[in-house]
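Structure, as structure tokens:
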Number of protein chains: 2
Amino acid sequence: MTLSEENYLKVIYHLSADLQVISTNAIADKMQTKASSATDMIKKLSEKGLVAYKKYQGVTLSETGVHAARMIVRKHRLWEVFLVDKLAFAWDEVHEIAEQLEHIQSEELINKLDDFLGNPIVDPHGDAIPDRTGKMTLTKQRVLADLPEGDGGHLVGVKDSSAAFLQYLDKQQLTLGSRIQVLEKEAFDESMVLDVNGRQKSVSQKIARQLLLD
Amino acid sequence: MTLSEENYLKVIYHLSADLQVISTNAIADKMQTKASSATDMIKKLSEKGLVAYKKYQGVTLSETGVHAARMIVRKHRLWEVFLVDKLAFAWDEVHEIAEQLEHIQSEELINKLDDFLGNPIVDPHGDAIPDRTGKMTLTKQRVLADLPEGDGGHLVGVKDSSAAFLQYLDKQQLTLGSRIQVLEKEAFDESMVLDVNGRQKSVSQKIARQLLLD
DNA sequence: AAATATTTTTAGACAAATCTAAAAATAGAT
DNA sequence: ATCTATTTTTAGATTTGTCTAAAAATATTT
Ligand SMILES: [Mn+2]
Ligand SMILES: [Mn+2]
Ligand SMILES: [Mn+2]
Ligand SMILES: [Mn+2]
């Protein structure tokens, strides 16, 4: 697989979390290319048996496609762990570099890296890391915005991993692992007053929709 | 710089150790491409000011070209140290993977990796690692084949880093750091009888020409 | 059910990196 | 010095991944 095929495949995989069938436009949007380019690549992936495709009907990943995509995601997330745990990068700085490292071809490398890192289960953003067979231990996570007053848990993940959002969380001291409880939920704008590790904080619904608790 | 430009630049840099002016054919040979492809790339590197080039007269690296090449070599060798020291790869297994990793674009990454590894001076094959400014501390090395009887030193490097040769050295327990002394030098075929860490070993001139002592 | 809007595909073009075959320049031999 | 062999460059084609513009199919609205 070429670097470009891998990037398309990964995008289709991530889109598959929300949609059953992935449209050409959705792929083009995420890849920041044109629909015509997406069509060309879809045909290529289809010929290789990585996606099922019928003209005008969108694509779905095949089994081998899912597995291939998971192996790329595995690499991406393991490298992110390496960058944060070993090289002391901040969690908002690792995405772009992992975007490159995920394309390094060597199964032995990634398995040795996995062992070196202590076979981590999640990456610095709380996302599950597929093991060498493609399996991932998914812990059930609840979206903070959905919780009623009084409920709570630990912050175990974020839906938005953009640098801007992660930096906001750092500033608010909303770090992974924080103990969070919903003190008040404002009916008017759905904003929340939280107890975060004993301190009171207020967050908008937009923020609360991105935070995942255990 | 594209991946391809980087590979060409590095090849020209390595050839510059032996030659003052690098021929198109020499580049094509090392790159395993055709002379016409080399010409095309030479023009590109020339336009970017990385090499000085005059038709039919070969190329020489410019100052910026040397610096850029050294930064790629730096990355290659630091990744090799990482693979051997941290991930427990053998020294004959790391070249291909480093060949990919050397193209990852992030100065911060490579400097943090450098620190993480303890700012090593040499890679697993005894080759000097340029520091972040491009400088490398070159220790004067002598080729074993040139030493007279009685002389010796520590094995600090190899000229041939091919997997086949490195595996031969492993088999012969000729590891980097070994204390070597020339016991006999056969006039007939220039083969040598050595004392390697107290044990006697015989090596052909072909081998002796690849081993570097301090 | 038509008409209209949107999505998707096709057709054709372009840049990057490669190749083959032929032409041009240089180097080596007589 | 001329001829010959080798090296190097050019010309033109190919592959990959992209684009724009236009055509075709599907979805939405009236
Ligand atoms: Mn990528
Ligand atoms: Mn991540
Ligand atoms: Mn390389
Ligand atoms: Mn090396």
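Throughout, a chain's letter reflects where its sequence line sits, starting with A, and its residues are numbered from 1.
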Scan Thr39(B) against the nucleic acid and name what it touches under 4.0 Å (heavy atoms): base, sugar-phosphate only, or nothing.
base
Taking the side chain as every heavy atom from C-beta outward, state whether Asn7(B) and Glu102(B) have any atom pair closer than 4.5 Å.
yes
Among dT18(D), dT8(D), dT10(C), which is the nearest nucleotide to the side chain of Thr33(A)?
dT18(D)
So, is Tyr53(A) close to the dT8(C) phosphate, meaning a side-chain N or O under 4.0 Å from OP1 or OP2?
no
When rounded to whole Å, the NZ to P distance for the pair Lys34(A) and dT16(D) reads 24 Å
What nucleotide among dC19(C), dT10(D), dT26(D) has an atom nearest to a side-chain atom of Gln57(A)?
dT26(D)
Rounded to the nearest Å, what distance is computed from the CG atom of residue Leu3(B) to the C1' atom of nucleotide dT16(D)?
15 Å
Reference residue Trp91(A); test side-chain hydrogen bond (donor to acceptor under 3.5 Å, both in side chains); the match among Asp123(A), Asp170(A), Thr175(A)
Asp170(A)
Donor on one side chain, acceptor on other, His95(A) and Glu99(A), under 3.5 Å:
yes
Return the nearest nucleotide to the side chain of Tyr56(A); candidates are dT8(C), dT18(C), dT20(D).
dT8(C)
Output the rounded distance in Å from CE (Met41(A)) to P (dT9(C)).
15 Å
Partners passing salt bridge (charged side-chain N to carboxylate O under 4.0 Å, His left out) against Asp151(B) (at least two apart in sequence or in another chain):
Arg142(B)
Starting at CG of Asp40(B) and ending at P of dG12(D), how long is that distance when rounded to a whole Å?
14 Å
Would you mind classifying the nucleic acid contact of Ser37(A) as base, sugar-phosphate or nothing, using non-hydrogen atoms under 4.0 angstrom?
base
Length of the NZ-P vector between Lys43(B) and dT9(D), whole Å:
8 Å
Would you find a donor on one side and an acceptor on the other, under 3.5 Å apart, between the side chain of Arg209(B) and the backbone of Val143(B)?
no
In whole angstroms, how far is the P atom of dT18(C) from the CD atom of Gln32(B)?
12 Å
Here the distance between atom P of dT9(C) and atom NZ of Lys54(A), to the nearest Å, is 13 Å
Is Ser36(B) close enough to dA21(C) that one of its side-chain N or O atoms is under 4.0 Å from OP1 or OP2 there?
no
Tell me: NZ of Lys55(B) to C1' of dT10(D), nearest whole Å?
8 Å
Nucleic acid contacts of residues 7-26 of chain B, taken as heavy-atom distances under 4.0 Å to DNA chain C:
Tyr8(B)
Minimum-distance nucleotide to Ala35(B) side chain [options: dT9(C), dT10(D), dT8(D)]:
dT8(D)
Classify the angle between the aromatic ring planes of Phe116(B) and Phe82(B) as parallel (below 30°), tilted (30 to 60°) or perpendicular (above 60°).
tilted
Of Lys75(B), Arg74(B), Arg77(B), which is the lone residue that meets salt bridge (charged side-chain N to carboxylate O under 4.0 Å, His left out) with Asp114(B)?
Arg74(B)
